[in-house]
Student: 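What follows is a single structure, and I will ask about it in a moment.
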Number of protein chains: 2
Amino acid sequence: MATTLADVAREAGVDISTVSRVLRDDKTQRVAARTRQRILDVVKKLNYQPNAVARALRLARSRTIGIVVPQLDNPVFAEIIAGAEHAAAELGYSLLISHRTRSSDDSDLFRRLVNTNRVDGLLVVSFDEDMQLIQDFQGVEVPIVVINRKIESMSCCVYHNSYKAAQLATNHLIDLGHRQIVHLAGRGGGFNARLRWNGYRDALTLRGVPYDEALVRTVGYAAEDAATATRVLIENSNVLPTAIFAATFLTAAGAMRSLHEMGIPMPDEISVVGIHDAEFALILYPTLTTVRMPNREMGRRAALALCDILSGKNVDSEIVLEPEQLMLRNSTGPCRQG
Amino acid sequence: MATTLADVAREAGVDISTVSRVLRDDKTQRVAARTRQRILDVVKKLNYQPNAVARALRLARSRTIGIVVPQLDNPVFAEIIAGAEHAAAELGYSLLISHRTRSSDDSDLFRRLVNTNRVDGLLVVSFDEDMQLIQDFQGVEVPIVVINRKIESMSCCVYHNSYKAAQLATNHLIDLGHRQIVHLAGRGGGFNARLRWNGYRDALTLRGVPYDEALVRTVGYAAEDAATATRVLIENSNVLPTAIFAATFLTAAGAMRSLHEMGIPMPDEISVVGIHDAEFALILYPTLTTVRMPNREMGRRAALALCDILSGKNVDSEIVLEPEQLMLRNSTGPCRQG
DNA sequence: GTGAAAGCGCTAACAG
DNA sequence: CTGTTAGCGCTTTCAC
């Protein structure tokens with residue numbers, strides 16, 4: 001079986017406690033240089049790796065953090081996980097992944113993960129408007145970092161500046177001369193959805209473009225719903241909008257499909273911009289102008305914050321990430337009806 | 001702190017071993033019904049949850065399996081993970097996720113995960129043509145299940161019938177009257193790439209359509225490369241192909257973008273079909289005809305197989321998953337030049 | 001500087 | 001039927 005401290009100790013002719021001291025580089029208790037070297041040699045020779053489980057039991061800390069996501073087949077969440085995994089690995093933590101659907105009423109998930117001592121802390125990625133979440137945090141006794149949304153009662157939240165992102169997108173359209181700008185908004189009550197809507201509204205107002213609520217459609221985050229809403233909107237318009245600002249990548253793409261189907265050329269007749277960049281923005285025709293959001297960074301920062309908390313450091317209770325940049329592509333162009 | 005066996009035992013007025021017996025439902029040693037009930041009551045009252053770490057140390061089994069993926073921001077891998085997580089959770093296993101890039105030469109990853117006793121077994125998702133992989137398995141002493149490819153020396157591999165999938169796609173095009181069918185193939189040497197190419201070739205041959213190697217372009221798996229290849233191919237063709245069979249979803253989309261840019265209407269002039277379905281197939285214009293592959297199921301079957309191995313059961317050394325079905329959409333249509 | 005020993009929470013013989 | 005006991009591999013006080 002795997003080599004243990006005892007194996008190393010026997011081979012080096014010392015006690016296991018000495019080996020342990022050397023391995024953990026204990027500052028308070030010095031070990032003779034010769035002994036230390038001998039032990040190090042044996043460790044290398046036997047390729048000894050400490051048993052993480054035994055250590056976890058002894059220290060009551062597993063050096064594992066859990067990440068709970070609402071869904072996996074969503075590039076945004078996947079990027080968050082990637083960022084978290086990277087940061088965790090760098091700090092010597094492992095990442096336990098767990099999945100929590102809104103339907104499966106698994107209100108015990110957090111407590112199970114935690115009380116069985118599997119994880120030292122929790123990263124929870126939230127859907128925009130999952131209210132159940134807050135209740136489920138009750139009675140969980142490890143630090144939790146919330147990702148993708150602010151929750152007042154939680155001690156640390158990492159999220160995007162969606163307000164700013166929306167302004168970037170909207171200003172881009174205004175700069176191009178657009179005045180009739182449709183907003184395909186996320187689900188009502190959603191944290192990011194609301195901020196994006198506000199950012200859109202304020203960007204218009206600040207630049208002297210009248211804000212018309214009739215141009216806003218709450219479509220949620222599904223491509224299909226965005227496609228339908230776009231069709232309805234266009235078919236019932238007296239004066240055709242010249243641009244669409246979609247709250248997410250998927251809804252932007254859904255809108256584009258409808259425009260294609262109706263034979264409306266982009267960006268000649270209508271420009272489209274969405275929030276969240278992805279490789280998929282490049283496979284669309286025309287390639288989609290987006291506001292790139294630092295999703296990986298969000299996962300990374302959250303993991304770093306959690307590990308900081310676990311080492312007793314203080315962390316900011318809110319970490320807000322600014323949008324990376326406007327990715328200028330071919331779906332937006334100057335307004336021809338200006 | 002968390003309640004322990006001792007807490008329960010004290011409260012119920014019995015020994016901890018008795019509590020342990022009741023909780024693990026030990027068949028060999030019976031416990032008096034009254035005692036059992038009393039213990040169960042206390043367990044519920046104190047909301048006792050066994051300490052997984054202590055159990056893992058004692059049993060030398062963590063009930064955790066690791067999954068190693070080459071990248072996360074890829075819907076195919078995300079679906080595999082989702083399937084694996086689900087199955088693992090159902091069997092009472094946790095999933096430790098780990099990331100292994102081809103660049104970061106982390107040949108120690110597997111051994112580290114395993115030797116520190118974190119995981120009882122490993123699920124390894126392979127890129128199509130990562131040869132390094134096989135060496136890195138050396139010296140890993142837990143069961144490994146390989147996903148997405150067959151490796152002769154490994155005891156259990158779960159993968160798609162890519163050959164059949166390619167035939168489905170190709171036959172579909174042939175049925176529509178196409179004869180000049182381009183194949184955008186995956187990277188040379190790739191397991192799935194080769195099977196798809198073979199499936200394409202054999203489908204043509206079986207139906208009496210001449211196989212012309214000049215119609216095959218090895219473009220790998222990047223949308224951009226597929227887009228470029230498509231452009232070059234079309235521009236240099238004397239006789240225009242009437243259909244494109246792309247080895248993956250992303251390359252199909254890349255080809256579509258090029259066709260759009262060249263003003264070639266789909267499916268009127270050229271039909272396009274790809275392997276691997278995703279929500280993204282529906283946001284393309286036209287919506288993309290695909291062969292849906294059971295990615296989730298692949299993850300699920302792999303996790304089940306691994307857990308079976310861990311419980312000492314025998315499992316098939318190869319689990320081959322058939323393509324789910326052809327998802328007929330708007331990117332393919334009858335050949336007009338027939 | 002190094003060793004001895006206790007104990008993290010649990011399971012599994014072995015007694016009784 | 002139930003209790004006693006010996007560890008799993010490690011860290012950490014306390015001795016010497």
Side-chain angles (χ1 to χ4, degrees), chain A residues 1-40 42-43 46-64 92 114-120 141, chain B residues 1-40 42-43 46-64 92 114-120 141:
Chain A
M1 285 306 297
T3 53
T4 71
L5 266 192
D7 298 327
V8 177
R10 193 180 327 106
E11 184 82 10
V14 294
D15 188 83
I16 60 165
S17 56
T18 308
V19 181
S20 173
R21 274 192 281 264
V22 169
L23 256 34
R24 285 174 313 96
D25 209 18
D26 193 327
K27 298 296 177 194
T28 67
Q29 315 209 4
R30 286 226 305 276
V31 176
R34 268 197 49 190
T35 319
R36 144 180 263 96
Q37 193 51 55
R38 186 152 35 99
I39 290 173
L40 256 22
V42 174
V43 162
L46 298 184
N47 186 30
Y48 167 76
Q49 313 241 181
N51 182 323
V53 175
R55 179 176 278 178
L57 178 60
R58 178 62 230 247
L59 299 178
R61 301 209 19 209
S62 59
R63 276 195 100 73
T64 300
V114 171
N115 293 342
T116 56
N117 284 27
R118 286 185 187 284
V119 299
D120 298 338
E141 289 177 343
Chain B
M1 287 301 297
T3 54
T4 70
L5 265 193
D7 298 327
V8 177
R10 193 178 329 106
E11 184 81 13
V14 294
D15 188 83
I16 59 165
S17 58
T18 309
V19 181
S20 174
R21 274 191 282 266
V22 169
L23 256 33
R24 286 175 310 100
D25 208 19
D26 193 327
K27 297 297 179 196
T28 65
Q29 313 208 6
R30 284 226 305 278
V31 176
R34 268 196 48 192
T35 318
R36 143 179 262 98
Q37 193 51 56
R38 186 152 36 96
I39 290 172
L40 257 20
V42 174
V43 163
L46 300 184
N47 187 29
Y48 168 75
Q49 312 242 180
N51 182 322
V53 174
R55 180 176 279 177
L57 178 60
R58 179 62 231 244
L59 299 178
R61 302 214 12 213
S62 60
R63 276 197 99 76
T64 299
V114 171
N115 293 342
T116 56
N117 284 26
R118 287 184 187 284
V119 299
D120 298 338
E141 288 177 342

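Predicted model only: the values in this text are computed from it and were never measured. First the proteins, then the strands, lettered A, B, ... as listed; each starts at 1.
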Student: Are B/Val19 and B/Val14 close enough that some pair of their side-chain heavy atoms sits under 4.5 Å apart?
Tutor: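 Yes, close enough: below the 4.5 Å cut-off.
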Student: Would one find a side-chain N or O of B/Arg24 under 4.0 angstrom from OP1 or OP2 of C/dA12?
Tutor: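 Yes, B/Arg24 has a side-chain N/O under 4.0 Å of OP1/OP2 on C/dA12.
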Student: Would a distance-only check, ignoring hydrogens and angles, find a side-chain to backbone donor-acceptor pair under 3.5 Å from A/Ser62 to A/Arg118?
Tutor: yes
Student: For the residue pair A/Tyr48 and A/Leu23, establish whether any side-chain heavy-atom pair is separated by less than 4.5 Å.
Tutor: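 They are in side-chain contact.
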Student: Separation of A/Arg63 atom CZ from D/dC10 atom C1', in whole Å?
Tutor: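 After rounding, the gap between these two atoms is 15 Å.
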Student: How many Å lie between CD1 on A/Ile16 and P on C/dT2, as a whole number?
Tutor: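 Result: 16 Å.
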Student: Start at the 5' end of DNA chain D and walk down; is the nucleotide closest to B/Thr35 or to B/Ala54 reached first?
Tutor: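 Upstream on the strand: B/Thr35.
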Student: Between B/Thr18 and D/dG3, is there a contact of a side-chain N or O with OP1 or OP2 at under 4.0 Å?
Tutor: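 Looking at the OP1 and OP2 atoms of D/dG3, one of them is under 4.0 Å from a side-chain N or O of B/Thr18.
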Student: So, are A/Arg36 and A/Asp25 salt-bridged, with charged N and O less than 4.0 Å apart?
Tutor: yes
Student: Give the rounded distance in Å between these two atoms: CG of B/Leu59 and C1' of C/dA12.
Tutor: 10 Å
Student: Distance-only, no hydrogens or angles: does the B/Arg61 side chain make a donor-acceptor pair with backbone N or O of B/Asp120 under 3.5 Å?
Tutor: no
Student: Any side-chain N or O of A/Tyr48 under 4.0 Å from OP1/OP2 of D/dG9?
Tutor: no
Student: Nearest whole angstrom, please: distance from the P of D/dT12 to the CG of A/Leu23.
Tutor: 13 Å
Student: Could you tell me the separation between the CZ atom of A/Arg61 and the P atom of D/dG9, rounded to a whole number of Å?
Tutor: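 For the pair A/Arg61 CZ and D/dG9 P, the rounded distance is 23 Å.
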Student: At under 4.0 Å, does any side-chain N or O of A/Ser17 touch on OP1 or OP2 of C/dA4?
Tutor: no
Student: Can a donor-acceptor pair under 3.5 Å be found between the side-chain atoms of A/Arg21 and the base atoms of C/dG3?
Tutor: yes
Student: Using a 4.0 Å heavy-atom cut-off, does A/Val14 contact any base of the nucleic acid, only the sugar-phosphate backbone, or nothing at all?
Tutor: sugar-phosphate
Student: Among C/dG1, C/dC10, D/dT2, which is the nearest nucleotide to the side chain of B/Arg55?
Tutor: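 So the side chain of B/Arg55 is nearest to C/dC10.
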Student: What is the distance, rounded to the nearest whole Å, between atom CD of A/Gln49 and atom P of D/dG9?
Tutor: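 In whole Å, D/dG9 P lies 15 Å from A/Gln49 CD.
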Student: What is the separation between atom CG on A/Leu57 and atom C1' on C/dC8, rounded to the nearest whole Å?
Tutor: 4 Å
Student: Please confirm whether any donor atom in the side chain of A/Arg36 sits under 3.5 Å from an acceptor in the base of C/dG1, or the reverse.
Tutor: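 Check fails, no donor-acceptor contact within cut-off.
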Student: Within this structure, what is the CG-to-P distance between B/Asp15 and C/dC10, rounded to whole angstrom?
Tutor: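 Rounded to whole Å, this separation is 13 Å.
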